[in-house]
> 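Structure in structure tokens, see below.
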Amino acid sequence: MRYSVLRLMMFFGFLCALWLMGLRGAWLLGVSALGSMVVSYFVLQGPRGELSASIARRIDERTDRRVPARADEVDEDSESDEGSTRG
């Protein structure tokens, strides 16, 4: 959330600055978007790294929670297969 807010603030900062300099119309939006993308690539490296680390951590946690559940399913399947071959 923090990274997204910072990106939006940077875009609106560019938008206001360029509007005050006299740029209007579609050029205003295009140059603001391009300028904010370039500057945020360099300025927001820290928050972007934090965001990607938190996403990776959440994915790892979800994966870790699913692995035991799948292991239980495999055990149950193997037990049911053994029972059907004996009978």
> Can you tell me how far CZ of F14 sits from CG of L29, rounded to the nearest 0.5 angstrom?
14.0 Å
> Can you tell me how far the OG atom of S4 sits from the CE atom of M9, to the nearest 0.5 Å?
12.5 Å
> Which atoms form the tightest heavy-atom contact between P47 and R2, and what is the distance?
CG-NH2, 4.1 Å
> Around R62, counting heavy atoms of other residues, nucleotides and ligands shown, do more than 12 lie under 6.0 Å from its CZ?
no
> Would you compute the distance between atom CD1 of I59 and atom CG of D64 and round it to the nearest 0.5 angstrom?
12.0 Å
> Is L15 linked to V31 within one hydrophobic cluster, defined over Ile, Leu, Val, Met, Phe, Trp and Tyr using a side-chain heavy-atom separation of less than 4.5 Å?
yes
> Would you sort out whether M37 and R7 count as a side-chain contact (heavy atoms from CB on, under 4.5 Å), showing the intermediate values?
CA-CA 8 Å; M37 281 190 292; R7 286 283 310 261; 3.5 Å; yes
> Are side-chain heavy atoms of V38 and Y41 found at a separation under 4.5 Å?
no
> Can you tell me how far OH of Y3 sits from CG of L8, rounded to the nearest 0.5 angstrom?
10.5 Å
> When you group the ILVMFWY residues by side-chain heavy-atom contacts below 4.5 Å and let the links chain together, are L6 and I55 in the same group?
yes
> Are M21 and L28 co-members of a hydrophobic cluster defined by side-chain heavy atoms under 4.5 Å apart?
yes
> Roughly how far apart are W27 CH2 and S32 OG, rounded to 0.5 Å?
12.5 Å
> Quick one: closest heavy-atom pair of G49 and S52, and the distance?
O-OG, 3.0 Å
